[in-house]
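Here is the structure we will look at.
FYI, side chains are in, hydrogens and waters are out, and symmetry mates aren't considered; it's all heavy atoms of this structure. This structure is a prediction, so every number in the text was calculated from the model and none was measured.
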Number of protein chains: 2
Amino acid sequence: MSDVARAAGVSAMTVSNVLTGRRRVSPATRSRVEQAATHLGYELNLTARHLRAGRTDTVALVVPHFDHPYFGELAARLAGLLAAEDRHLVVEQTGASREAELAAVARARARWQLYDGVVLSAVGMTAADLDAMHTSVPLVLLGEQEMSARYAHVRMDNVGGARLATAHLLAAGARRIAVVGGAEPSAEAGMMPARTLGWSLAHDDAGVQAAPELIVRAPADLTSGRDAVRRIVREGLDLDAVLAVTDSLAVGVLAGLAEAGRRVPDDVQVVGFDNLASSEFTVPALSTVDPGHEWLATETLRLLEAAIARGPAAAADGAADVPQHVTAPARLVLRGTTRDHRD
Amino acid sequence: MSDVARAAGVSAMTVSNVLTGRRRVSPATRSRVEQAATHLGYELNLTARHLRAGRTDTVALVVPHFDHPYFGELAARLAGLLAAEDRHLVVEQTGASREAELAAVARARARWQLYDGVVLSAVGMTAADLDAMHTSVPLVLLGEQEMSARYAHVRMDNVGGARLATAHLLAAGARRIAVVGGAEPSAEAGMMPARTLGWSLAHDDAGVQAAPELIVRAPADLTSGRDAVRRIVREGLDLDAVLAVTDSLAVGVLAGLAEAGRRVPDDVQVVGFDNLASSEFTVPALSTVDPGHEWLATETLRLLEAAIARGPAAAADGAADVPQHVTAPARLVLRGTTRDHRD
DNA sequence: CTGAAAGCGCTAACAT
DNA sequence: ATGTTAGCGCTTTCAG
């Protein structure tokens with residue numbers, strides 16, 4: 001920068017002023033500076049500006065794995081909202097497992113200071129892990145960990161959404177509903193247990209006995225969805241519907257059912273959860289639970305703004321002005337993998 | 001940091017030494033420092049370190065849009081490779097259109113200095129745009145722009161891949177092959193023209209007349225794939241196969257064909273291009289061109305390393321040691337949307 | 001093994 | 001409208 005200043009015959013301060021536009025600079029000087037800058041191929045050093053300013057106008061979204069469409073969609077939404085105020089979004093990855101997440105978070109404490117705020121989507125961390133994590137960086141948590149009082153938290157209505165979906169299947173006549181990606185039902189233990197709880201509650205609501213052997217454990221990916229169906233078929237389990245706890249699983253389930261020659265929705269109905277953009281385009285089109293994407297993104301940023309406003313200092317202590325915990329409203333999207341109600 | 005130093009009764013320098021491990025520190029001092037740091041909740045300021053060091057150990061992948069599975073997969077691969085050497089990957093988005101890309105690139109010149117190197121995946125920029133873009137940041141280009149001599153460039157074999165796929169369709173008996181996402185055939189004008197050229201050349205190879213009315217223009221997304229089929233059906237166009245220039249389009253095409261009651265592959269065969277992870281799970285499973293993902297990621301980083309080693313200074317001038325341009329080898333992956341050869 | 005000084009490149013605050 | 005000074009928080013270099 002001083003090179004440019006020298007070339008233009010002014011001080012570094014004036015160059016800075018031209019670049020930021022913060023102070024009035026006479027047109028003549030301005031153009032001399034601009035010429036000199038172009039001529040020298042000068043590029044502002046943001047690292048230095050950030051150090052000086054103590055802020056970076058950048059928010060990070062930290063996700064378990066880059067390669068998951070859900071986070072891509074979320075990132076795009078957040079980036080859109082941030083761009084409107086001239087701020088940037090960068091996406092970083094932790095690495096899915098609890099261990100990887102903890103390691104990443106440990107390393108990240110320092111790293112996150114590079115950002116004005118962080119949206120952390122943690123899948124493997126427990127509430128205890130979160131409490132052990134101290135960071136002064138304004139943070140919003142996304143996901144299904146138990147609430148940590150120290151950080152703002154945005155979550156989906158997993159129980160409600162799964163309950164809605166299962167209720168629809170039951171109303172459409174299904175009586176043997178497998179929950180692929182299921183787990184021990186619980187509102188507290190993560191996404192899979194919560195969605196399984198919704199499945200279970202819907203059965204109670206309808207006065208139908210839920211069959212525990214239809215809880216099919218599976219990681220939330222495409223391959224596992226197909227494998228789950230193969231397993232079900234191999235074991236000769238009777239079923240007339242599937243609640244897949246994620247759309248990725250549902251896509252795998254559809255592939256598995258096709259492979260097994262089961263017709264969807266005539267023989268087996270399927271409902272997913274997430275309403276990914278691609279889910280409208282499966283054959284048949286996937287019925288699914290929409291977790292309230294827009295709402296989630298907007299609310300996440302609102303809470304992050306609040307955390308940033310509270311200041312990095314306050315982020316760590318349970319200030320009077322407590323971080324909020326909100327739940328997005330889920331909504332059922334009916335397409336071609338379910339039959340109509342019979343009522 | 002000076003706070004920690006004071007609390008531990010040492011100098012800031014010693015704190016730094018404890019943190020970096022670069023110099024020997026006596027165990028006693030080390031533990032005093034560590035205690036003080038934990039006690040004060042001290043977090044190293046990376047911005048300052050980066051300013052001082054002139055490097056950030058971070059590489060950025062800049063993509064048109066977060067919400068595209070192809071880039072998610074690429075990012076995951078690059079992150080994996082980088083993590084092995086304790087370096088970080090962040091993903092940023094430009095915004096798909098040429099205008100957005102140019103604006104982003106203009107703003108980005110300064111921004112990219114935050115990184116040791118940048119992998120830029122540009123879809124809308126022309127060679128002229130690239131030449132107009134001066135940056136001292138080590139850069140590798142991904143995509144189908146004409147080669148810019150100034151930057152290393154990794155591309156897919158679009159022409160070869162599409163030619164391979166089309167040849168297979170022709171050999172399997174198809175004679176009316178629509179190219180969805182097609183364009184004026186050309187090796188120079190971007191991904192769509194290149195893949196359309198492959199389609200055209202395969203016809204020449206087989207001595208079959210390619211029907212120009214079967215070039216169906218469409219942006220590369222799911223909806224457009226379905227819309228393209230709807231248009232084809234509405235216009236009563238005769239066809240027995242589709243080359244979709246991306247897997248996303250192909251998925252939309254499959255949805256459109258299902259909607260129109262055309263059986264795949266009996267009535268219409270379909271081949272995509274990209275081999276996304278999800279493409280194995282369509283019904284029927286999508287036959288597609290694999291652009292050599294692994295190879296692409298590895299090669300990209302190799303070239304980026306070279307650019308970084310050449311140094312930021314050299315990035316701008318056409319040094320003796322010229323940046324390289326490489327093309328990944330494409331491979332046909334046959335699954336359920338194509339019929340077998342009849343030869 | 002530890003410390004003091006200096007500076008990375010920028011900009012707020014205070015001159016002029 | 002422009003310049004001077006000082007300092008953001010770290011680490012390299014040179015001294016002890």
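Residue Ser2(B) is out of contact with every strand shown, counting any heavy-atom pair closer than 4.0 Å. Using a 4.0 Å heavy-atom cutoff across all strands shown, Thr20(A) reaches sugar-phosphate atoms only and no base atom.
Atom CZ in Arg6(A) sits roughly 19 Å away from atom P in dT2(D) (whole-Å rounding). Taking atom CZ of residue Arg22(B) and atom C1' of nucleotide dT12(D), one finds them 10 Å apart after rounding to whole Å. Between Arg111(A) atom CZ and dG9(D) atom C1' there is a gap of 18 Å when expressed in whole angstrom units. Atom CG of Leu44(A) is separated from atom C1' of dG9(C) by 9 Å (rounded to the nearest Å). When the C1' atom of dT11(D) is taken as reference, atom CZ of Arg23(B) falls 10 Å away, rounded to whole Å. Rounded to whole angstrom, the span from the CG atom of Leu51(A) across to the C1' atom of dG7(C) amounts to 12 Å. Asp57(B) places its CG atom 15 Å from the C1' atom of dC10(D), with the value rounded to the nearest Å. At whole-Å resolution of the value, CE in Met13(A) and C1' in dC10(C) are 9 Å apart.
Taking the six-membered ring for Trp and the full ring otherwise, the centers of Tyr151(B) and His325(B) sit at least 6.0 Å from each other.
Tyr42(B) pairs in a side chain to side chain contact (heavy atoms under 4.5 Å, CB included) with only one of the listed residues (Asp3(B), Val33(B), Leu19(B)), which is Leu19(B). The side-chain hydrogen bond (donor to acceptor under 3.5 Å, both in side chains) test with Tyr115(B) is passed by exactly one of His88(B), Arg55(B), Glu92(B): Glu92(B).
Phosphate proximity of dT2(D) to Thr29(A): present, with a side-chain N or O under 4.0 Å from OP1 or OP2. Between dT2(C) and Ser26(B), a contact under 4.0 Å exists linking OP1 or OP2 to a side-chain N or O. At the phosphate of dG3(C), OP1 or OP2 sits under 4.0 Å from a side-chain N or O atom of Thr14(B).
Across dG3(C), dG3(D), dG9(D), the shortest atom-to-atom separation from the side chain of Val10(B) is found for dG3(C). When distances are taken from the side chain of Arg52(A) to each of dT11(C), dT4(D), dC10(D), the shortest belongs to dT11(C). Checked against dT2(C), dG3(D), dC10(D), the side chain of Val25(B) finds its nearest nucleotide in dT2(C).
Using a 4.0 Å cut-off between charged side-chain N and carboxylate O, Arg310(A) and Glu305(A) make no salt bridge.
Toward the 5′ end of DNA chain C lies the nearest nucleotide of Ala12(B), the other residue of the pair Ala12(B) and Val15(A) mapping further downstream.
Counting only N and O atoms by type, the side chains of Thr58(B) and Arg111(A) include a donor and acceptor under 3.5 Å apart.
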